[in-house]
Colleague: 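Got a structure for you, questions after.
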Amino acid sequence: MTAMPILAAKTTEARGLDPKAIEAEGLDPITFEVLRSVFEYACDRMTSVLRRSSFSPILSDMLDFSNAIYDGDLQLLAQAANCPIHLAAMKFSAEAAIRKFPPATLQEGDVLLLNDPYQGGTHINDVSFIMPIYHRKALIGYAVSRGHWMDLGGGAAGGQAFGTHIASEGLRLPPVKIYRGYKVNEEILDIIVSNTRTPHFVKGDMQAHFACLRAAEQELQRACDRYGAPTVCKAMKQIQRYTERMVRASIERLPNGIYDAEDYADTDGFSDQPVKIKVRLEIRDSDIIVDFAGTDPICKGAINSPPANTISAALYSLQFFLAPSAPQNQGMFNPIEVRIPKGCWLNAEWPAPTIGCTTLTASKITSAIWQALAKAVPERVTGSTFSECNWFVAACVSPDGRSDVFSDLTAGGWGGTPYADGMSVTMDPLGNCMNMPAEAAELLFPIAYEAFDLRQDSAGPGQHRGGLGANFRVRFLGTAELSMETSRTFEGSPGSNGGGRSAVQTSSHLKADGRASIIGGLDKAGGWHNPLLAAHPFEPGDSFIFASTGGGGWGNPLSRPVEDVLDDVLDEYISLDAAQRDYGVVIDAATMTIDRTRTAELRPL
């Protein structure tokens, strides 16, 4: 087994500073709060700089990046509200980089780069940058930035070759020194530029990451100038201890016990058999153990998850239900242990391919953990989200012969909650990303958006139904090769506390002459098509259509107020058939009013 600490999750408790406890540790409460805010602002400024200065739309528009700062011992100090799947994993990339380049070998202005999934990475597209920060020649911390780069080579655009070896996914970089004394290493940069389908983005994005690291450097140095480095470093450790106390207090409010659940990926791309995740949560007073014993072995296909990715997924899955108001730092790691069996698909080792780990696999880890938590605190846990990212990448060639890489994330619904219906068409918890704006996409790429609307009957039924998924359609103006990872094609996302599953997802190819076919998921005859697509060809005028699912429902659907069901029908969120089948509410199609008599027959008290 691989046992690792993991960042603890969040709670509904409001932050309450204890001035006596803070002063007992050496800092007065005002200085404590000022420096806590400085650390958080440094990360927020990193995010602002990266978003404004990056070249590729996956960074500037879709926000697929994360930023954090660490103390001199590489313990998380603060992080921005970026992609949760990156945030815990970044620590392990930073540790791998510093093992290769110890502090004695570093100087001001050095930046380390790596994207190796087996050295703290996730999938190859996620590139990490680590900068040591000094004050008057003394090391005080590190700034770390991770961004999803559009393409780093491989057998298909975006690395989505869905092969059987990590080499098919693109350029894999161990820790290297990309900047020396604030000057870029042109030799390494040339290697990266020569191994991508999007060289026009690389230099600009590299400079944007460097600029955001400099922003963190400036903020920490400014704090040391004003308060003194000893006070700043003392605040770092004190804030981490403060968070740990809050998280442990939150865990203590959960019932002790052992809670099991499982979920699965539809396929690894080479089989129609599901690939299962089993999770056991053990709550012991102020500690949680997350154990993946019994999970299926490493896959042939490209959905394996490196340990750092598995840990990050467990992190954000728990964050929702522990201490959400606590400062996010190393104190959240300490109360939680993750055990990952050696040889399972959540503990990938070379040469296992990993391109789907952050999107497909992480979302299934979340769903499994939420289902386990629902057995401990059913009154607090939602139905599962659509539990996907639905990440597609297309190598496009415009009518004039210009080539580029276009990508988008087709969001779905979140699960119904104990208090309200789920959110519709919202990015999965794995990332605070945005979908690609149609206007920007049509300006940059040879495509045309034709539809992006709510999908009727996609939500899981419940007393509080899930949020809805979407109908997405894009037309290619030139030729294209589209690759995509998705799942939930056999059955939708599960509900909680008696709620129902959502609809299944499907991918379709609509040819310019009007002929349509399912290319991922179930067709009308019940035939199933592998949803992991690699370089599927499209001709000019062809359209790609994707139907995303909603979230699982919460609570018995027959307990949903009949007036709410009628409202959903009038809003075209659910159909007349679904109102009767799932909710026991009969609505007259001519008058659009509730048939109270027949409804009472279907809804016994």
Side-chain angles (χ1 to χ4, degrees), residues 261 263-264 363-364 366-368 370-371 373-375 378-388 390 411-426 428-429 453-471 487-506 521-522 547-589 592-596 598-605:
D263 211 312
Y264 66 93
S363 58
K364 305 308 177 294
T366 297
S367 180
W370 284 14
Q371 290 177 69
L373 277 174
K375 297 176 181 179
E379 72 283 0
R380 289 178 55 188
V381 179
T382 73
S384 291
T385 72
F386 68 113
S387 301
E388 250 304 334
N390 299 325
W414 281 41
T417 79
Y419 320 105
D421 296 337
M423 298 182 291
S424 295
V425 194
T426 302
D428 190 79
D453 54 75
L454 293 175
R455 180 187 174 195
Q456 189 179 56
D457 290 341
S458 58
Q463 179 182 349
H464 298 133
R465 60 162 172 76
L468 276 68
N471 293 305
S487 57
R488 297 301 197 214
T489 58
F490 285 121
E491 57 182 354
S493 288
S496 178
N497 205 34
R501 283 187 179 269
S502 60
V504 297
Q505 303 197 130
T506 58
L522 294 169
S548 72
T549 189
W554 188 95
N556 186 345
L558 298 181
S559 298
R560 186 171 180 81
V562 295
E563 290 78 11
D564 290 353
V565 177
L566 175 61
D567 286 344
D568 283 346
V569 170
L570 294 173
D571 289 335
E572 299 184 357
Y573 295 165
I574 66 174
S575 64
L576 290 168
D577 287 343
Q580 181 170 337
R581 179 187 67 243
D582 298 331
Y583 294 94
V585 177
V586 181
I587 298 172
D588 185 281
M592 296 304 289
T593 58
I594 298 169
D595 185 327
R596 302 283 177 176
R598 294 179 62 195
T599 295
E601 294 173 354
L602 296 176
R603 288 185 148 213
L605 295 177

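Note that these values count all heavy atoms, side chains included, but never hydrogens, waters or copies made by symmetry.
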Colleague: Just checking, any donor-acceptor pair under 3.5 angstrom between side chains of S487 and E388?
Modeller: yes
Colleague: Indicate yes or no: at least one non-hydrogen side-chain atom of D263 is less than 4.5 angstrom from one of P494.
Modeller: yes
Colleague: One pair to check against side chain to side chain contact (heavy atoms under 4.5 Å, CB included): R488 and N390. What are the steps and the verdict?
Modeller: CA-CA 10 Å; R488 297 301 197 214; N390 299 325; over 6 Å; no
Colleague: Sequence neighbours excluded, which residues qualify as salt bridge (Lys or Arg N to Asp or Glu O under 4.0 Å) partners of R596?
Modeller: E563
Colleague: So, the side chain of S548 versus the backbone of A411: is there a donor-acceptor pair under 3.5 Å, distance only?
Modeller: yes
Colleague: Spell out, as yes or no, whether a donor-acceptor pair under 3.5 Å connects the side chain of S502 to the backbone of S493.
Modeller: yes
Colleague: Please check if the side chain of S363 supplies one atom and the backbone of S387 the other of a donor-acceptor pair under 3.5 Å.
Modeller: yes
Colleague: Not counting sequence neighbours, list each pair that qualifies as a side chain to side chain donor-acceptor pair (under 3.5 Å) and has a residue in residues 459-470.
Modeller: R465-D568
Colleague: Show your working on side chain to side chain contact (heavy atoms under 4.5 Å, CB included) between D595 and D588 and close with a plain yes or no.
Modeller: CA-CA 6 Å; D595 185 327; D588 185 281; 5.6 Å; no
Colleague: Donor-acceptor pair, distance only, cut-off 3.5 Å: does the side chain of D457 make one with the backbone of S575?
Modeller: yes
Colleague: Is a donor on one side and an acceptor on the other found under 3.5 Å between the side chain of R603 and the backbone of Y583?
Modeller: yes
Colleague: Please check this pair: side chain of S424 against backbone of G413, looking for a donor-acceptor N/O pair closer than 3.5 Å.
Modeller: no
Colleague: Mark yes or no for whether T599, through its side chain, and V586, through its backbone, hold a donor-acceptor pair below 3.5 Å.
Modeller: yes
Colleague: Give me the atom names and distance for the closest heavy-atom approach of P461 to D582.
Modeller: CB-CB, 3.9 Å
Colleague: Who pairs with R455 by salt bridge (Lys or Arg N to Asp or Glu O under 4.0 Å), at least two apart in sequence or on another chain?
Modeller: none
Colleague: Determine whether a donor-acceptor pair (N or O, by modelled atom type, separation under 3.5 Å) exists between the side chain of T366 and the backbone of K364.
Modeller: no
Colleague: V565 and I574: which non-hydrogen atoms are nearest, and at how many Å?
Modeller: CG1-CD1, 3.8 Å
Colleague: Give a yes or no answer on whether the side chain of W554 reaches the backbone of Y419 with a donor-acceptor pair at less than 3.5 Å.
Modeller: no
Colleague: Take atom CD of E572 as the centre, draw a 6.0 Å sphere, and report whether it contains more than 12 heavy atoms from other residues, nucleotides or ligands.
Modeller: no
Colleague: Taking the side chain from D571 and the backbone from Y573, do they hold a donor-acceptor pair closer than 3.5 Å?
Modeller: no
Colleague: Under 3.5 Å, is there a donor-acceptor pair linking the side chains of S384 and S367?
Modeller: yes
